[in-house]
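The first residue in the sequence is number 1, and the count goes up from there.
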Amino acid sequence: MSADLRSELEKFLESLNIQTSCVEHPPVFTVEEMMPHLQEVSGAVTKNLFLKDKKKKCLYLVSARYDRQVNLNDLAKKLGVGSGNLRFADEAAMLEKLKVGQGCATALALLFDKDQSVKFILDRDLVEGGYDTVCFHPMTNAATMSLRPEDLLRFLQETGHEPVLQSFE
């Protein structure tokens, strides 16, 4: 299934004339597992968190630079959902909305959030930090795809996902 989704993603990016490069690696479930495979990658590597608010009214995908601390209480306050009200969403919700499971959360999966029900929170540094590329899983945790930050923004616009830029220190 992930091969078909990856192919669909690649075709969509190609239709937008977005250039990407990919590094294949064994399946990884944490950034720590992934980093040894990305020694040759010069872009900003990301970590991605799929969250929900306490009342389960909103789903959020957070993409931040891999070495950033994402404090859920601080983020909840910034998003106006109240401290303590953000938590990890379950894998079933991620599969339903983004078509990926645990270890595969990625901004590129927003292509499959057809009703734009997932709010996208993006680390401001990824698009304003001067990186040549930003890196995400391409619908599988057995590869890492790099694309230019401006192409990521164009991809998001084309999928109807206006990012909410946040600073994570």
Side-chain angles (χ1 to χ4, degrees), residues 1-2 4-6 8-13 15-16 18 27-34 44-129 134-141 144-145 147 149-169:
M1 181 170 123
S2 69
D4 292 341
L5 294 172
R6 179 177 176 177
E8 192 175 335
L9 168 67
E10 288 169 345
K11 285 180 182 141
F12 182 76
L13 292 169
S15 77
L16 299 175
I18 292 176
V28 292
F29 290 90
T30 66
V31 170
E32 291 76 22
E33 287 178 62
M34 182 175 59
V45 176
T46 61
K47 65 179 171 187
N48 299 273
L49 310 173
F50 191 60
L51 308 171
K52 64 181 179 181
D53 67 8
K54 188 176 180 179
K55 295 183 172 72
K56 299 180 185 147
K57 292 192 185 326
C58 291
L59 293 168
Y60 302 90
L61 179 64
V62 178
S63 291
R65 212 175 70 197
Y66 81 96
D67 56 353
R68 298 284 196 206
Q69 288 293 327
V70 178
N71 182 309
L72 295 187
N73 285 333
D74 290 348
L75 182 58
K77 287 180 207 167
K78 290 177 184 176
L79 296 175
V81 297
S83 181
N85 287 330
L86 272 185
R87 50 195 35 97
F88 287 95
D90 57 38
E91 187 175 32
M94 190 162 53
L95 282 165
E96 177 190 337
K97 293 296 180 183
L98 301 180
K99 309 287 186 239
V100 292
Q102 187 174 0
C104 298
T106 173
L108 300 174
L110 291 168
L111 172 62
F112 300 98
D113 177 35
K114 301 296 186 192
D115 61 358
Q116 291 86 31
S117 61
V118 178
K119 293 184 170 130
F120 183 54
I121 314 303
L122 181 62
D123 184 346
R124 178 180 303 279
D125 186 58
L126 293 173
V127 291
E128 297 176 358
V134 290
C135 308
F136 297 91
H137 287 316
M139 305 306 294
T140 172
N141 61 349
T144 299
M145 179 180 278
L147 67 161
E150 55 270 27
D151 287 337
L152 172 65
L153 293 174
R154 191 155 49 93
F155 166 83
L156 294 168
Q157 181 180 21
E158 291 293 327
T159 63
H161 293 86
E162 184 67 33
V164 175
L165 297 180
Q166 288 290 337
S167 294
F168 298 100
E169 299 305 326

| query | With Arg154, which residues qualify under side-chain hydrogen bond (donor to acceptor under 3.5 Å, both in side chains), at least two apart? | reply | Asp151
| query | Can you name the residues that form a side-chain hydrogen bond (donor to acceptor under 3.5 Å, both in side chains) with Asp67, not counting sequence neighbours? | reply | Arg65
Less than 4.5 Å apart, any side-chain heavy atom of [X] and any of [Y]?
X	Y	value
Val70	Leu72	yes
Met139	Glu8	no
Lys119	Tyr60	yes
Thr144	Val45	no

| query | Would Asn48 and His137 satisfy side-chain contact (heavy atoms from CB on, under 4.5 Å), going step by step from the backbone distance to the final call? | reply | CA-CA 10 Å; Asn48 299 273; His137 287 316; 5.9 Å; no
| said: Applying side-chain contact (heavy atoms from CB on, under 4.5 Å) to Phe168 and Val62, what does each step give before you reach the verdict? | reply: CA-CA 11 Å; Phe168 298 100; Val62 178; 3.9 Å; yes
Keeping [X] on the side-chain end and [Y] on the backbone end, is there a donor-acceptor pair under 3.5 Å?
X	Y	answer
Asn141	Pro27	no
Gln166	Ile121	no
Asp113	Val118	yes
Lys114	Leu111	yes
Gln116	Thr159	yes

| Which residues satisfy the salt bridge (charged side-chain N to carboxylate O under 4.0 Å, His left out) test with Lys97, sequence neighbours excluded? | Asp115
| message | So which atom in Arg68 and which in Asp123 form the shortest heavy-atom distance, rounded to 0.1 Å? | response | CG-OD2, 3.4 Å
